[in-house]
Amino acid sequence: MVIRLALLIAVAFTFGCSGPKFTNLGNGVGVPSESIDSNAIANGISRDEAKQSMLEESNGKRQAKDVK
């Protein structure tokens, strides 16, 4: 039992146990930071512009859902 616990701790320490990092865009919208970077590169815009466009897209979808 002690060996299994020590092995589990060693694996968690070695590989980490944190998940993806999220960025709060505002209005309760959080997205993985990698998605913002990917969006910025794909559209040839800055990271801040990508965050703003993703927030606007999310707000538009939320408004459309509320209208239905």
Side-chain angles (χ1 to χ4, degrees):
M1 182 71 179
V2 174
I3 294 173
R4 287 184 184 176
L5 181 60
L7 181 60
L8 180 63
I9 292 171
V11 168
F13 181 76
T14 302
F15 296 107
C17 55
S18 64
K21 294 189 168 74
F22 285 82
T23 299
N24 184 10
L25 297 180
N27 201 14
V29 178
V31 295
S33 298
E34 295 84 20
S35 296
I36 297 170
D37 296 334
S38 297
N39 186 325
I41 292 169
N43 294 311
I45 57 179
S46 72
R47 192 170 195 280
D48 288 336
E49 291 171 325
K51 286 170 53 177
Q52 184 64 34
S53 71
M54 292 175 82
L55 177 60
E56 290 170 0
E57 180 182 343
S58 174
N59 287 340
K61 288 180 181 179
R62 181 178 296 172
Q63 288 175 354
K65 187 171 93 173
D66 289 342
V67 171
K68 290 183 180 179

- What residues form a side chain to side chain donor-acceptor pair (under 3.5 Å) with Ser33, not counting sequence neighbours? Thr23
- Task: Just jot down the side chain to side chain donor-acceptor pair (under 3.5 Å) partners of Asn43, sequence neighbours excluded, or say none.
- Result: Asn39
- Message: Could you list the cluster mates of Met54? Members are the ILVMFWY residues connected by side-chain heavy atoms closer than 4.5 Å, either directly or through other members.
- Response: Leu25, Val29, Val31, Ile36, Leu55
- For Ser38, enumerate each residue passing the side-chain contact (heavy atoms from CB on, under 4.5 Å) test, keeping only those at least two apart in sequence or located in another chain. none
- Item | Residue pairs fulfilling salt bridge (charged side-chain N to carboxylate O under 4.0 Å, His left out) with at least one residue in residues 50-59, sequence neighbours excluded | Glu57-Lys61
- Item | All pairs passing salt bridge (charged side-chain N to carboxylate O under 4.0 Å, His left out) where residues 28-50 contributes a residue, at least two apart | Asp37-Arg47
- Considering all heavy atoms, the nearest Ser46-Ala40 contact: O-CB, 3.8 Å
